[in-house]
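Since the structure comes first, as structure tokens, the remarks are kept for the end.
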Amino acid sequence: MQKIGIGYENYKEFIDKNMYYIDKTFLIRDIVEKGGKVTLFTRPRRFGKTLTLSMLRTFFELEYDSVGNVVDNRRYFECKKIMDAGDKILSMMGQYPVINLSLKSAKQVDFRTAFLKLRSEIVHEFRRHDYLKNSSVLNEEERQEFKKYSAFLDELKIDSSEKLQSEVGRFAIALRDLSGYLKKHHGNNVIILLDEYDVPLENSYYAGFYDEMVAFIRSLFESALKTNDALEFAVVTGCLRISKESIFTGMNNLKINSIRDYGFSEGFGFTPEETEKMLEDYGIDDKIEEVRKWYNGYIFGEKEIYNPWSVISYVYSKVIDKRQFPEPYWANTSSNQIIKDMVLNADETMKSELDTLISGGTIEKKIHEDITYGDIHESEDNLWNFLFFTGYMKKVSERLEGEDVYITMSIPNVEIRSIYKNQIRGWFDKIVKASDHSVLYKAILSGDTEAMADYLSGLLEKSISYFDSEESFYHGFFLSLLYGVPSYSVRSNREEGNGRTDIVLYPNKPKDSAIIFELKVRKKFNEMKDGLEEAFKQIHDQKYAEGVLDDGYAGAKSYGICFCKKSCIVGEYPGE
């Protein structure tokens with residue numbers, strides 16, 4: 001079996017190392033024939049954008065080896081779909097100087113550090129074309145300017161805001177200058193590939209220097225992509241379309257392709273046919289339904305798409321051990337900060353919508369793509385749009401009302417639902433931890449079952465209804481409340497008597513009584529008393545108190561608790 005390329009993003013490595021590659025080379029033809037002067041692809045993270053740019057570079061670049069010989073990259077496309085694209089497309093192979101830049105290194109704590117990282121990436125790209133410093137086609141002034149850009153840069157020398165701003169201004173036009181040098185030397189226009197363009201913007205928004213970063217990226221893009229006579233075409237990738245007013249000011253040559261658009265739908269992510277073929281190739285085609293439930297659900301244009309990172313990770317895990325269960329692989333590749341913010345700041349309306357979604361329902365929102373990070377929290381619609389375009393929601397249907405498009409959306413699959421559930425659980429845990437539980441502790445120790453029920457019901461009012469059907473939720477919720485009971489330690493599911501008690505509070509002093517809790521859950525309010533009786537019966541039949549007394553404690557009292565939705569009733573077991 002071919003090696004599975006977990007973490008690999010270089011197209012040549014996939015071919016050189018004979019790794020499993022799902023052929024997306026037809027994108028080369030589509031970009032030439034259907035792309036704009038500048039084409040922006042926005043797709044969720046880990047959907048193959050970086051690998052795609054690497055593939056484009058390998059195809060188009062006029063590449064030189066270390067001694068100055070032209071590199072023939074045709075072997076990287078043998079038997080690939082692009083070879084059927086016709087003479088016009090194939091004649092473009094290896095004909096263009098290429099500028100390739102990733103902006104992901106700008107994820108830093110302040111503007112100075114982020115800019116210096118971007119500057120280093122730009123300098124690296126100049127050095128990749130180091131042959132220009134001796135070009136006989138460039139004049140002396142151009143060669144000297146090129147050398148200044150590619151010279152070693154000591155970050156410590158930028159020790160004042162004036163020097164920093166000077167460097168920012170100089171490097172804002174660096175890609176345009178490099179394009180000019182390359183065109184003059186080669187006699188051919190330049191292809192520019194920019195990856196993860198929105199990483200600096202998202203990071204700067206959360207780190208507090210958004211305006212400074214927006215100003216730099218805008219200047220960089222305008223000079224390289226708008227006022228650049230040396231540009232053949234450019235491809236830019238990111239997760240989110242940033243408002244034209246913010247970054248792409250006045251760029252009439254920009255063609256945007258988001259998950260709503262047609263024409264490039266199969267270029268990113270795996271189609272059902274590609275996914276099934278991969279599972280078949282690795283002998284796990286019997287798992288297609290499991291993979292569909294966990295990692296399918298995206299709609300790009302009108303095409304059904306699987307999450308490629310998760311599918312690859314799933315297959316990799318099964319190759320190692322077929323007994324492994326599916327996991328939320330995509331969830332572990334990011335902090336999911338926007339989900340955290342949404343949940344922590346949710347009002348009653350949003351809580352209700354989250355409840356509907358996690359329960360498997362849908363919501364409808366007006367859609368618009370001109371988003372800036374600074375506007376995300378200005379309205380709920382902005383937030384839902386952000387979640388939709390970055391892969392946390394999927395389109396179910398859409399309709400036109402006047403000039404506005406409304407999309408009915410839902411959570412795509414089990415993997416994404418787990419992200420929401422985990423964030424909501426974390427949010428509810430914060431509420432629980434921030435509450436004063438002394439009222440509950442007093443009620444437990446004094447036997448005030450009504451006060452116990454009132455307190456627990458009051459906290460549950462702040463939860464999400466989806467969890468009302470999960471017994472594990474109530475168990476974890478109640479258990480977390482008991483860790484602060486003074487002079488007691490709490491244990492869960494310990495063997496006592498003839499069975500396992502749900503929860504026991506053990507006193508630190510033998511003269512005090514242990515406290516046993518048996519929890520039940522019911523779907524209907526009129527069944528709660530029956531649930532309480534069942535808890536009492538289990539306490540009796542399993543002889544929980546006897547097991548505790550055998551440990552040498554002075555006494556034991558037992559409570560039954562029955563939960564239903566956001567309510568509960570509590571009763572003290574009367575004993576024999």
Side-chain angles (χ1 to χ4, degrees), residues 43-47 239 259 269-270 272 275 287-300 304-315 317 324-346 349-365 380 383-397 407-431 460 462-477 521 523 565-566:
R43 294 294 188 275
R45 56 186 166 80
R46 296 290 187 173
F47 266 71
C239 291
I259 61 174
F270 295 165
T275 302
K287 298 296 184 181
I288 184 60
E289 182 58 28
E290 182 173 75
V291 172
R292 185 199 63 77
K293 182 172 68 172
W294 272 78
Y295 309 121
N296 190 14
Y298 297 94
I299 304 294
F300 293 175
E304 181 183 349
I305 297 293
Y306 283 71
N307 184 320
W309 173 259
S310 299
V311 171
I312 290 169
S313 300
Y314 175 89
V315 174
S317 72
Q324 295 212 41
F325 296 117
E327 295 180 16
Y329 300 104
W330 192 70
N332 298 326
T333 63
S334 171
S335 66
N336 301 303
Q337 184 64 48
I338 195 68
I339 299 286
K340 292 180 181 178
D341 287 355
M342 177 187 70
V343 169
L344 285 172
N345 297 296
T349 299
M350 187 169 284
K351 281 170 59 179
S352 176
E353 290 174 322
L354 284 167
D355 205 345
T356 298
L357 290 166
I358 293 176
S359 300
T362 63
I363 60 173
E364 185 184 65
K365 295 294 174 181
E380 286 186 14
L383 190 51
W384 289 116
N385 271 265
F386 182 96
L387 294 169
F388 173 71
F389 285 108
T390 53
Y392 292 99
M393 303 294 295
K394 76 165 184 177
K395 179 180 75 173
V396 176
S397 63
I407 285 187
T408 298
M409 55 182 74
S410 66
I411 294 174
N413 49 46
V414 173
E415 179 177 43
I416 304 302
R417 182 173 286 109
S418 73
I419 298 176
Y420 284 97
K421 288 175 64 176
N422 289 336
Q423 297 300 338
I424 288 170
R425 284 185 185 275
W427 160 72
F428 185 59
D429 286 345
K430 285 190 175 182
I431 292 175
L460 288 170
K462 301 172 183 176
S463 71
I464 295 290
S465 296
Y466 172 82
F467 296 118
D468 293 347
S469 61
E470 296 188 1
E471 188 166 347
S472 62
F473 165 72
Y474 293 111
H475 187 281
F477 158 67
V521 177
K523 301 286 188 184
K565 298 181 172 45
K566 299 182 188 300

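- For Lys566, there are no salt bridge (charged side-chain N to carboxylate O under 4.0 Å, His left out) partners at least two apart in sequence or on another chain.
- Closest of all the heavy-atom pairs between Ile431 and Lys462 is CG2-CD, 3.8 Å.
- Summarising the geometry, atom CD1 belonging to Ile419 is positioned 8.5 Å from atom CG belonging to Asn422; distances are rounded to the nearest 0.5 Å.
- Separating the CG atom in Leu460 from the OG atom in Ser465 is a distance of 10.0 Å, to the nearest 0.5 Å.
- Atom CE in Met393 sits 6.0 Å away from atom OG in Ser410 (nearest 0.5 Å).
- Qualifying ring pair (Phe, Tyr, Trp, His ring centres under 6.0 Å) partners for Phe300, counting only residues two or more places apart in sequence or in other chains: Phe47.
- Residues passing the ring pair (Phe, Tyr, Trp, His ring centres under 6.0 Å) test with Phe473 are Phe428, Phe467, sequence neighbours excluded.
- Shown here for Asn413 and Trp294, the closest heavy-atom pair between the two residues is CG-O, 3.0 Å.
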Apply the test side chain to side chain contact (heavy atoms under 4.5 Å, CB included) to residues Met409 and Leu387: give CA-CA distance (whole Å), side-chain angles for both, the deciding distance (0.1 Å), then the verdict. CA-CA 10 Å; Met409 55 182 74; Leu387 294 169; over 6 Å; no
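- The side chain to side chain contact (heavy atoms under 4.5 Å, CB included) test applied to Ser313 returns Ile6, Trp309, Tyr329, not counting sequence neighbours.
- With hydrogens and angles left out, the side-chain atoms of Ser317 and Glu327 include no donor and acceptor closer than 3.5 Å.
- Atom CD1 of residue Ile411 and atom CG of residue Leu354 lie 7.5 Å apart, to the nearest 0.5 angstrom.
- When every heavy atom of Pro308 is checked against every heavy atom of Arg46, the shortest pair comes out as CG-O, 3.5 Å.
- The OH atom of Tyr420 sits 12.5 Å away from the CD atom of Glu415 when rounded to the nearest 0.5 Å.
- Here the two rings, on Trp330 and Tyr392, have centers that are under 6.0 Å apart.
- Pairs of residues two or more places apart, or lying in two chains, that qualify as salt bridge (charged side-chain N to carboxylate O under 4.0 Å, His left out) and include a residue from residues 287-300 are Glu289-Arg292.
- Formation of a donor-acceptor pair under 3.5 Å by the Asn307 side chain with backbone atoms of Tyr295 is not found in this model.
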Result block: side-chain N/O donor-acceptor pairs under 3.5 angstrom for residues 357-364, not counting sequence neighbours:
{"from": "Ser359", "atom 1": "OG", "to": "Asp355", "atom 2": "O", "distance (Å)": "2.8"}
{"from": "Glu364", "atom 1": "OE1", "to": "Arg399", "atom 2": "NH2", "distance (Å)": "2.9"}
{"from": "Glu364", "atom 1": "OE2", "to": "Arg399", "atom 2": "NE", "distance (Å)": "2.7"}

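- Ile416 contributes atom CD1, which lies 11.5 Å from atom NZ of Lys394 (distance to the nearest 0.5 angstrom).
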Applying side chain to side chain contact (heavy atoms under 4.5 Å, CB included), run through Tyr298 and Ile259 and close with a yes or a no. CA-CA 9 Å; Tyr298 297 94; Ile259 61 174; over 6 Å; no
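- Between Pro412 and Gly391, the shortest heavy-atom contact is CG-O, 4.0 Å.
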